[in-house]
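Data first, discussion second: the structure below is written as structure tokens.
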Amino acid sequence: MSKVSTYLNFVSETEEAFNFYKVVFKTDFEGGIMRYGDIPASPDMPAMPESVKSLVMHCMMPIMDGHYLMGSDAPVEMGFQVHKGNNSYIMLQPDTREETKQLFDALAVGGIVEQELQDMFWDDYYGSLKDKFGVQWMFNCSAKQ
């Protein structure tokens, strides 16, 4: 089933923030915490700094009536420039790749594509963009076709 979630980026305090939200919403992480050190090594990517490997690449938790709060650290060492105010995304999780591409392409008109839709190492179809109004969107589709 399609879902919409809120995605938050932090420089390096995602784990601290989400442990706080865990208490506030009386919930827990779903699927644990993925860390940057979990990314498989690739000759196409530069070596990851040791200081980044323990940071949160992705975590999520249900907070209210099927709504998920998701987050990750966005370290400067990897080229991110997160500031309070530009650290949230609306995460769309459509049922099909076709719907994902349709929504992505429509929202990208006049905007800035941050990452083209593509198959990712976590086995989903993912992309991100900022629309022409400055709203940040992420797309993640688990469907294989």
Side-chain angles (χ1 to χ4, degrees), residues 2-25 27-63 67-145:
S2 297
K3 293 186 255 180
V4 177
S5 304
T6 303
Y7 208 100
L8 305 175
N9 292 121
F10 300 89
V11 174
S12 63
E13 56 274 322
T14 300
E15 192 163 359
E16 178 183 356
F18 273 71
N19 280 321
F20 171 73
Y21 300 141
K22 196 162 74 165
V23 172
V24 169
F25 291 104
T27 188
D28 206 349
F29 297 106
E30 191 168 291
I33 296 176
M34 293 178 73
R35 301 197 183 272
Y36 282 103
D38 297 332
I39 297 173
S42 168
D44 300 331
M45 293 178 61
M48 186 176 307
E50 285 298 318
S51 60
V52 172
K53 290 182 178 181
S54 65
L55 295 178
V56 176
M57 184 184 79
H58 176 75
C59 64
M60 68 181 197
M61 63 179 57
I63 58 170
H67 189 90
Y68 279 81
L69 189 61
M70 300 179 179
S72 66
D73 288 317
V76 172
E77 295 91 337
M78 295 182 72
F80 295 103
Q81 293 189 12
V82 172
H83 307 284
K84 289 183 180 178
N86 78 344
N87 60 335
S88 60
Y89 284 77
I90 298 172
M91 167 68 94
L92 300 179
Q93 297 171 276
D95 289 330
T96 67
R97 286 178 176 232
E98 181 181 341
E99 182 183 14
T100 303
K101 177 112 175 81
Q102 177 187 8
L103 292 168
F104 185 93
D105 290 347
L107 285 166
V109 173
I112 299 168
V113 173
E114 298 170 328
Q115 183 167 340
E116 291 287 348
L117 284 170
Q118 60 187 291
D119 290 313
M120 300 302 289
F121 70 89
W122 60 83
D123 212 24
D124 288 349
Y125 190 52
Y126 174 84
S128 64
L129 61 88
K130 184 184 295 186
D131 71 21
K132 64 183 176 184
F133 302 104
V135 176
Q136 299 178 122
W137 299 86
M138 289 180 171
F139 301 79
N140 195 77
C141 179
S142 296
K144 301 305 169 215
Q145 295 186 34

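As a basis for the values below, the full set of heavy atoms in this structure was taken, side chains included, without hydrogen atoms, waters or symmetry mates.
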Dump the intermediate steps for ring pair (Phe, Tyr, Trp, His ring centres under 6.0 Å) on His58 and Phe29, then the final yes or no.
CA-CA 10 Å; His58 176 75; Phe29 297 106; over 10 Å; no

CA sep, side-chain torsions, deciding dist, call: Glu77, Ser51, side-chain contact (heavy atoms from CB on, under 4.5 Å)
CA-CA 9 Å; Glu77 295 91 337; Ser51 60; 3.4 Å; yes

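The number of heavy-atom neighbours closer than 6.0 Å to CZ of Phe80, taken from other residues, nucleotides and ligands shown, is above 12. Counting non-hydrogen atoms of neighbouring residues, nucleotides and ligands closer than 6.0 angstrom, the CD atom of Gln118 exceeds 12 such neighbours. Within a 6.0 Å sphere centred on CD of Gln115, other residues, nucleotides and ligands contribute more than 12 heavy atoms.
Judged by distance alone, the side chain of Asn87 and the main-chain N or O of Phe10 form no donor-acceptor pair under 3.5 Å. Here the side chain of Asn140 pairs no donor or acceptor atom with the backbone of Gln93 at under 3.5 angstrom. One N or O on the side chain of Arg97 and one on the backbone of Ala143 form a donor-acceptor pair closer than 3.5 Å. Remark: side-chain polar atoms of Lys3 are not paired, donor with acceptor, to backbone N or O of Met91 under 3.5 angstrom. Between the side chain of Asp38 and the backbone N or O of Arg35 there is at least one donor-acceptor pair closer than 3.5 Å. Listed for the Gln136 side chain is no donor-acceptor partner under 3.5 Å among the backbone atoms of Lys130. Within the 3.5 Å criterion, the main-chain N or O of Gly111 finds no donor-acceptor partner in the side chain of Asp131.
Annotation: side chain of Phe121 is not in contact with side chain of Ser42 (no heavy-atom distance under 4.5 Å). Ile90 has its side chain within reach of Val4: a pair of non-hydrogen atoms, C-beta onward, lies under 4.5 Å apart. Using a 4.5 Å cut-off on side-chain heavy atoms (C-beta onward), Phe104 and Leu92 make no contact. The shortest side-chain heavy-atom distance between Asp123 and Lys144 falls under the 4.5 Å cut-off. Counting heavy atoms from C-beta outward, Ser2 and Glu99 have side chains that approach closer than 4.5 Å. The shortest side-chain heavy-atom distance between Asp28 and Met61 does not fall under the 4.5 Å cut-off. Looking only at side-chain heavy atoms (C-beta outward), Tyr21 and Ile63 stay at 4.5 Å or farther from each other. Within the 4.5 Å cutoff, the side chain of Thr6 has heavy atoms near those of the His67 side chain.
Here the closest non-hydrogen pair linking Gly71 and Val56 is O-CG1, 4.1 Å.
Judged by distance alone, the side chains of Asn9 and Ser72 do bring a donor and an acceptor atom under 3.5 Å apart. Counting only N and O atoms by type, the side chains of Tyr89 and Glu114 include a donor and acceptor under 3.5 Å apart.
For Tyr125, the side chain to side chain donor-acceptor pair (under 3.5 Å) criterion is met by no residue, not counting sequence neighbours.
To the nearest 0.5 Å, atom CH2 of residue Trp137 and atom OG of residue Ser128 are 13.0 Å apart. Put simply, SG on Cys141 and CG on Asp119 are 10.0 Å apart, with the number rounded to the nearest 0.5 Å.
In summary, of the residues considered (Glu15, Met60, Met57), a side-chain contact (heavy atoms from CB on, under 4.5 Å) with Ile33 occurs for Glu15 alone.
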